[in-house]
Structure formats: structure tokens, C-alpha cells
Amino acid sequence: MAEQTSQDGDTPENGEEARRARRIRPTGQRRRPRSRRRKILLAAAWTAAGGILVGGAGLGFAYVKLNGNLEGVDINAALGSDRPEEVDDGSLDLLVLGSDSRSGDNGKYGRDEGAARSDTAMIVHLHEGRKKATVVSIPRDTLVTRPDCAAEDGSTVSGGQRQMFNTAYEAGGPACAVKTVEQMSGIRMDHYLEVDFSGFQEIIDRLGGVEVTTGKAIDDDKSGLHLDKGTHTLDGEQSLGLVRTRHGVGDGSDLGRIQLQQTFLTALMHRVQDMGLLSSPKKLYGVADAATKSLTTDAELDSVPALLDFAQGLKGLEPEGMEMLTLPVEYDPADANRVLPQEKAGAQVWKALRADKAVPASATEGSAGDKGDVDDVVSAG
């Protein structure tokens with residue numbers, strides 16, 4: 001009897017593996033949900049995945065070492081079916097978080113209060129074809145309606161209105177952060193990436209620094225950043241100070257810091273693109289080792305082969321193809337230290353991404369996040 005095959009030509013033995021490969025390959029269709037076991041930017045993911053290309057006799061060691069570095073969390077199992085519907089249009093959506101935990105190596109950045117919050121949050125929408133991306137930053141001080149979430153001990157943490165966005169991670173970890181974003185946007189997050197402070201710093205040092213130009217001096221004792229006017233190659237400590245500073249730029253709010261983070265992301269992508277990692281196996285492995293030790297991913301990306309497969313589809317994405325914006329917000333009349341989403345403008349942003357279209361410029365006009373441009377303070381390169 002002839003061996004049975006599916007309509008796609010998969011045999012029963014290799015069908016599941018082939019289907020999984022199609023789900024996570026960025027150049028193909030979106031994945032379907034599946035359950036399996038349990039931090040940084042797209043550029044870091046690219047360098048981490050590239051680590052298995054060191055080749056030769058060291059390949060086996062590199063694979064085992066880098067694979068062992070990764071941590072994963074099963075978002076699909078945690079959230080079940082209570083999620084937006086999958087859309088099969090060739091695009092991909094990721095939630096990228098930076099955690100402000102003060103435990104362990106991160107203790108020097110503040111007092112450990114026993115919990116972490118999402119200090120940085122970006123929704124990265126990779127458009128069909130992977131040559132363009134839209135990055136939407138969510139201010140951590142945004143007041144949102146947070147859903148009920150499961151805590152690590154299995155109990156339920158009640159949600160509620162007027163909750164700061166970054167408390168979702170504190171309440172229920174990555175799954176709660178994803179659930180909150182999906183409720184806000186109506187967009188299913190295909191993947192999750194997270195990085196911590198100390199890991200971010202090591203990655204930048206392994207890259208040999210990132211070049212930025214300051215239009216004026218920056219002095220911020222709270223972030224530890226002190227830069228004269230001019231062009232600088234920032235090491236890991238200085239880069240961390242830049243993406244954390246809020247008192248040395250603009251009005252001292254989180255909105256100005258977000259613009260600095262977006263500028264730094266562009267500079268980071270230029271650095272990874274220009275340094276020729278693949279021509280230096282030693283340097284490539286060092287970057288990949290630092291990145292994989294820092295990353296927490298969803299369960300479908302928590303292996304080197306999966307990261308490599310994902311990253312190979314991003315080779316056509318240039319820094320110029322990244323559109324970066326901040327969720328349209330306005331200052332809360334009841335608390336000047338908090339912001340509220342602008343519902344109509346925000347709806348334009350989410351509608352565009354759901355349709356895999358560019359976000360109209362009108363969506364961010366009048367937003368508090370569109371004011372206080374920092375281009376004259378810091379630029380990429």
C-alpha cells in the first residue's frame with residue numbers, strides 16, 4: 001500500500017514538523033496556535049540566531065550552548081482560545097518588551113522590589129514580504145483597561161480600568177502583557193521577545209558599541225548618562241543610560257524617552273548591518289551568546305533553529321524600512337504623570353495594522369507622543 005500523504009505532500013511522519021516550519025517562517029504564512037514548553041529587539045534576535053552559522057567543528061558546541069541559553073514561555077497554552085482571530089495575510093506581529101526587574105545583575109539600576117514591569121513595550125508589525133515594518137511604542141504610563149490574568153501560583157489577578165500598562169507584566173508576566181496588548185489592539189501577537197537591562201548592555205559591548213550623534217549635551221544623573229554635543233560610540237552602559245533617560249531630554253516624560261529608544265533602535269540596526277558579523281565567527285558567536293542568554297521568547301522561538309529560520313526572513317528589512325511611532329495618547333486631566341489612549345486615533349493605528357497597511361500620518365497628529373521631537377537632541381550615527 002502506498003504511503004499516505006496530505007494535500008500539501010507531507011507524510012504522516014514528517015507532516016507536523018513541516019507544518020511547524022511553515023508557521024514560524026517569516027516569509028510564509030502566519031503560524032497556527034499550538035502548545036509546547038516555556039528579551040530585546042529584532043536586531044538582537046538576528047544576531048542571536050546567526051550564532052549557529054559559526055560553522056566547522058565548533059557548530060555542535062555552538063548549537064548546544066546557544067540553545068541552552070534560551071528561555072521560552074508558552075503563550076498559546078497560557079491564553080488558550082481567548083485571543084483575537086488568526087489572520088492569514090503574510091504579515092507577522094511581535095510584542096517586544098524590556099523588563100525593569102532590579103534583581104540579580106540588574107540590581108545596580110535600582111532597588112529590587114520583588115517584581116518586574118515592562119519598562120519598554122513595542123508592537124512590531126512585519127508587513128508582508130518582510131521588507132517593511134511598523135513599530136508602535138506603548139508608553140508604560142498609559143492607563144488602560146487591564147484584563148484578568150493568571151498569576152504564577154495559578155490564582156487570578158483581577159484586572160480593571162485605569163491600570164498602568166506596565167503593571168500587566170507585573171501582574172501576570174509575559175502572558176498577561178500579551179493579553180493586554182491583544183485586548184487593546186484586536187491584533188493577535190504571533191511572537192514574544194523580552195530582554196533585561198544587563199543583557200542589553202552586554203550585547204552592545206559585544207557589538208563594539210553603537211554610534212549616535214547628540215545635538216546638545218545630555219546630563220542626567222538618574223540614568224547616569226553624561227554626553228557632550230557631538231558624535232559618540234556608546235558602550236553598553238552608555239547605551240542603557242540613553243534608552244532609560246527621561247530627565248535629560250524634552251519635558252522629562254516617558255514620551256521623550258520613547259523617541260530616544262526608537263532612534264537608538266535605528267542606530268543599532270545600522271550597526272548590525274554594517275559590522276559584517278558573518279565574516280568574524282568569533283565576534284558573531286560572542287554576540288549570539290550574549291543575546292541568547294538575555295532573551296525570553298514565546299515557545300515557538302525558544303530554539304536556535306527556530307530563531308534562525310525566523311531571522312533569515314528578515315534579511316531584506318533595512319533600517320529605512322522601519323516606520324516608528326508612539327501610540328496616540330493625551331495627558332490624563334486627573335494626573336499629569338499618566339497618559340490616556342486617544343481612542344479614535346488609536347483605532348486608526350490598529351485598523352491599518354490589521355489590514356497590513358501603513359499607518360496614516362493623521363493618526364498621530366495631535367498626540368502628546370508626537371510632540372517634543374528629539375531629533376535635534378539625538379540622531380542615529
Side-chain angles (χ1 to χ4, degrees), residues 26 39-51 53 94 96 98 120 122-127 129-137 193 195 199-216 218 225 227-245 249 256-288 290-291 294-295 307 310-326 373-381:
K39 265 170 189 174
I40 201 136
L41 313 166
L42 290 174
W46 184 91
T47 58
L53 296 178
L94 304 87
V96 180
T120 300
M122 297 178 177
I123 297 173
V124 180
H125 178 84
L126 297 166
H127 293 273
R130 305 297 179 267
K131 293 184 178 180
K132 293 183 179 181
T134 300
V135 179
V136 181
S137 294
L193 294 173
V195 73
F200 173 87
Q201 177 179 330
E202 185 178 354
I203 290 169
I204 301 305
D205 285 335
R206 293 279 191 171
L207 287 169
V210 173
E211 185 176 289
V212 301
T213 299
T214 55
K216 64 180 183 180
I218 297 177
L225 183 65
L227 295 174
D228 295 329
K229 177 181 178 180
T231 298
H232 308 269
T233 298
L234 305 184
D235 61 18
E237 187 78 20
Q238 292 172 314
S239 297
L240 184 57
L242 181 66
V243 299
R244 295 181 65 239
T245 190
V249 177
R257 176 169 60 179
I258 284 175
Q259 291 185 353
L260 286 177
Q261 291 169 349
Q262 293 173 345
T263 298
F264 184 83
L265 175 55
T266 300
L268 175 60
M269 290 187 66
H270 278 296
R271 175 59 175 160
V272 172
Q273 182 184 56
D274 295 342
M275 70 182 299
L277 278 178
L278 295 181
S279 64
S280 175
K282 182 178 180 180
K283 183 174 290 187
L284 173 61
Y285 178 78
V287 172
S294 304
L295 282 169
L307 271 177
F310 174 78
Q312 284 176 334
L314 301 179
K315 290 182 178 179
L317 180 61
E318 305 284 344
E320 294 74 20
M322 300 276 286
E323 179 190 10
M324 301 192 189
L325 56 100
T326 302
D373 194 356
V374 301
D375 284 349
D376 61 337
V377 180
V378 178
S379 57

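A donor-acceptor contact shorter than 3.5 Å links the side chain of Arg257 to the backbone of Arg244. Remark: side-chain polar atoms of Thr263 are paired, donor with acceptor, to backbone N or O of Gln259 under 3.5 angstrom. A donor-acceptor pair under 3.5 Å is absent between the side-chain atoms of Arg271 and the main chain of Glu211, judged by distance alone. With Thr214 contributing its side chain and Asp228 its backbone, the two residues share a donor-acceptor pair below 3.5 Å.
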**Message:** Between Leu307 and Leu295, is the side-chain contact (heavy atoms from CB on, under 4.5 Å) condition met? List the steps.
**Reply:** CA-CA 11 Å; Leu307 271 177; Leu295 282 169; 4.3 Å; yes
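Taking OG1 from Thr266 and CE from Met322, the interatomic distance works out to 6.5 Å, rounded to the nearest 0.5 Å. Distance check: His232 NE2 to Ser239 OG gives 12.0 Å after rounding to the nearest 0.5 Å. Rounding to the nearest 0.5 angstrom, the gap separating the CZ atom in Arg130 from the CG atom in Leu317 is 10.0 Å. Note that CG of Leu126 is 13.5 Å distant from NZ of Lys132, once rounded to the nearest 0.5 Å. Taking CG of Leu234 as the start and CD1 of Ile204 as the end, the distance is 9.0 Å to the nearest 0.5 Å. Remark: Asp274 CG to Met269 CE distance equals 11.0 Å, nearest 0.5 Å.
Listed by chain and residue number, Gln262 satisfy the side-chain hydrogen bond (donor to acceptor under 3.5 Å, both in side chains) test with Ser137 (two or more places apart in sequence, or in another chain). With sequence neighbours excluded, no residue forms a ring pair (Phe, Tyr, Trp, His ring centres under 6.0 Å) with His270. Evaluation of the side-chain hydrogen bond (donor to acceptor under 3.5 Å, both in side chains) rule for Gln261 yields Thr120 as partners, not counting sequence neighbours. Glu318 is linked by a side-chain hydrogen bond (donor to acceptor under 3.5 Å, both in side chains) to Gln273, counting only residues two or more places apart in sequence or in another chain. In this structure, Gln238 has no side-chain hydrogen bond (donor to acceptor under 3.5 Å, both in side chains) partners at least two apart in sequence or on a different chain.
Residue Ala291 comes nearest to Ile203 through the heavy atom pair CA-CD1, 3.6 Å, listed as atom of the first residue, atom of the second, then distance.
When each of Leu242, Val212, Val243 is checked for a side-chain contact (heavy atoms from CB on, under 4.5 Å) with Leu260, only Leu242 meets the rule.
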